[in-house]
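Values below: all heavy atoms of this structure, side chains included; hydrogens, waters and symmetry mates excluded. For ligands, and for the atoms within them, numbers begin at 1 and follow the listed sequence.
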Amino acid sequence: MKKTVVAYAALPPSCIARLAQTFDLRDFTGQSGLSRKPAFATALAEAEGVIGAGLLWDRTRIEACPKLRVVSTVTVGYDLYDVEALTERRILLCNTPDVLTESVADLSLALMLSCARRIGELERMVRSGHWKRSVDAPEFGSDAYGKTLGIIGMGRIGAAVVRRAALGFGMRVLYDARSDKPQVERDYGAQRRSLDDLLRESDFVCVLAPLTPETENLLGAREFALMKPTAFLINVARGKVIDESALAVALRERRIAGAGLDVFVREPLAVDSPLMLLDNVVLVPHIGSATHETRQAMADMATDNLIAALTGGEPRAMVNPQVR
Ligand code: NAP
């Protein structure tokens with residue numbers, strides 16, 4: 001008898017076809033408000049595997065899935081999953097590292113350059129018919145070339161950002177991580193700093209650490225006050241790593257020059273968020289990995305992971321391999 005599997009993320013037809021061929025697939029892809037749907041709860045209660053993204057997997061949800069053996073998330077970050085509770089139940093969690101690294105690094109650079117060159121602001125000026133003369137000092141931006149970049153969280157994506165910044169933009173790179181990163185030090189001259197020193201010295205601060213109890217609200221009013229008034233903050237990690245209200249105040253009062261944000265405490269961002277009223281912030285809707293090529297690669301990897309884990313094979317990435 002085929003194992004029951006629930007799919008609830010947007011997956012391409014090729015992945016749905018593979019899952020349907022291998023499993024008894026309960027397909028909830030493209031549906032919203034799943035937590036309120038009795039049919040979804042019934043399917044989860046029967047499922048041995050799930051594949052999806054964007055849903056909170058806390059103890060309550062895990063306990064409502066008595067047959068569950070594998071969760072395959074179509075993300076690299078797993079802050080929405082209670083890994084301890086999954087591990088206690090010997091449920092394997094698989095994720096999708098590496099395949100999205102270059103796309104997220106590209107977006108980090110795109111936000112840095114958009115902030116420095118005021119792309120959003122000046123594009124709005126052109127569209128609104130306010131381009132009446134050559135741009136002058138009040139509209140000038142700042143260079144990225146040759147400046148200092150501070151990366152908080154020097155992992156896979158951090159290293160890909162460093163490669164671009166050091167080789168392409170001649171930037172000096174500082175980083176904060178929990179351990180030394182000899183390879184980026186050797187290859188790109190990156191230097192490890194304490195968080196406070198990194199904030200004081202950097203022209204661009206790029207947040208690429210995962211959301212964990214240690215990193216929640218890692219940057220707030222105190223940290224923004226340490227930054228240069230000419231510096232830009234880029235967050236492509238998770239919204240809750242930053243105190244968003246304190247950031248809005250720092251931006252409004254020009255204590256820092258600007259910010260580029262892909263992620264927010266609540267997504268989608270509310271239309272009445274104070275960030276919406278500020279010109280010196282570039283806001284994009286969580287598109288770090290949102291390219292055709294990368295989303296296909298993530299879906300393929302998550303599908304491979306689920307099929308391998310439930311058919312005796314070796315998944316391509318596991319968060320808690322000790323449960324096997
Ligand atoms: P990764 O390879 O695991 O790198 C994370 C790095 O953060 C590690 O080097 C780790 O340092 C560091 N770190 C952990 N806790 C820290 C702390 N308290 N202070 C400073 N650094 C800390 O992960 P990745 O693949 O680069 O992805 C990073 C994050 O990006 C993900 O967790 C996810 O939240 C986010 N992301 C966002 C998007 C998007 O669409 N916007 C897409 C993909 C990923 P050590 O190595 O020393 O432990």
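Nearest to atom 47 (O) of ligand 1 by heavy-atom distance, out of Ser179, Ser289, Gly155, is Ser179. When Ser108, Gly153, Pro213 are ranked by how near their heavy atoms come to atom 12 (C) of ligand 1, first place goes to Gly153.
Using cut-offs of 30° and 60° for the angle between ring planes, the Trp57 and Tyr81 rings count as parallel.
The backbone N or O of Ala160 lies less than 3.5 Å from a partner atom in the side chain of Arg164, making a donor-acceptor pair. No side-chain donor-acceptor contact under 3.5 Å links Asp24 to the backbone of Thr4. Here the side chain of Glu46 pairs no donor or acceptor atom with the backbone of Ala43 at under 3.5 angstrom.
Ranking the protein heavy atoms by distance from atom 18 (N) of ligand 1 puts Thr215 CG2, 3.3 Å first. The shortest contact between atom 46 (O) of ligand 1 and any protein heavy atom is with Lys181 NZ, 2.5 Å. The protein non-hydrogen atom at the shortest distance from atom 5 (C) of ligand 1 is Pro210 CD, 3.6 Å. Ranking the protein heavy atoms by distance from atom 14 (C) of ligand 1 puts Arg178 NE, 3.5 Å first. Among all non-hydrogen protein atoms, the one lying nearest atom 22 (C) of ligand 1 is Ala209 CB, 3.9 Å. In terms of protein heavy-atom proximity, atom 28 (C) of ligand 1 is closest to Leu208 O, 3.3 Å. In this structure, atom 1 (P) of ligand 1 lies nearest to the protein heavy atom Arg156 NH2, 3.6 Å. In this structure, the protein non-hydrogen atom closest to atom 37 (C) of ligand 1 is Val236 O, 3.0 Å.
For ligand 1, the atoms sitting less than 4.0 Å from at least one non-hydrogen atom of Ala177 are 11 (O), 20 (C), 21 (N), 47 (O), numbered in the order shown with element in parentheses. The contact set between ligand 1 and Arg238, taken as ligand atoms under 4.0 Å from a residue heavy atom, comprises 33 (C), 34 (O), 35 (C), 36 (N), 37 (C). Against a heavy-atom cut-off of under 4.0 Å, Val263 is close to the following atoms of ligand 1: 41 (N). The atoms of ligand 1 that sit less than 4.0 Å from any heavy atom of Val76 are 25 (O), 43 (C), 44 (C). Using a 4.0 Å cut-off to heavy atoms of Asp262, the atoms of ligand 1 that qualify are 39 (C), 40 (O), 41 (N).
For a threshold of 3.5 Å applied to N or O pairs, the pair formed by Met154 and ligand 1 contains at least one separation below that value. Distances between N or O atoms of His286 and those of ligand 1 include at least one value under 3.5 Å. Polar contact check, Ile157 against ligand 1: a nitrogen or oxygen pair lies under 3.5 Å apart.
Remark: distances from the non-hydrogen atoms of Pro97 to ligand 1 are all 4.0 Å or more. Residue contact check for ligand 1: Val104 places a non-hydrogen atom closer than 4.0 Å to it.
Counted within 6.0 Å of CD on Glu253, heavy atoms from surrounding residues, nucleotides or ligands total more than 12; the atom is thus considered enclosed. The 12-atom threshold is exceeded at CZ of Arg324, counting heavy atoms of other residues, nucleotides or ligands nearer than 6.0 Å. Heavy atoms from other residues, nucleotides or ligands lying under 6.0 Å from CD of Gln21 number 12 at most.
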Exercise. Starting from the C-alpha separation in whole Å, work towards a yes-or-no answer on side-chain contact (heavy atoms from CB on, under 4.5 Å) for Gln31 and Tyr8.
Key: CA-CA 7 Å; Gln31 298 187 30; Tyr8 63 88; over 6 Å; no
Exercise. Could you check Met301 against Asp98 for side-chain contact (heavy atoms from CB on, under 4.5 Å), going step by step and ending with a plain yes or no?
Key: CA-CA 10 Å; Met301 184 170 182; Asp98 299 316; 5.7 Å; no
Practice problem: Take Ile256 and Leu251 through the test side-chain contact (heavy atoms from CB on, under 4.5 Å) and record every step on the way to the result. | Solution: CA-CA 6 Å; Ile256 64 172; Leu251 289 167; 3.8 Å; yes
Exercise. Kindly determine whether Arg156 and Val104 satisfy side-chain contact (heavy atoms from CB on, under 4.5 Å), including the steps that lead there.
Key: CA-CA 10 Å; Arg156 290 170 290 247; Val104 184; over 6 Å; no
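A salt bridge (charged side-chain N to carboxylate O under 4.0 Å, His left out) with Asp203 is found for exactly one of Lys147, Arg172, Lys228, namely Lys228.
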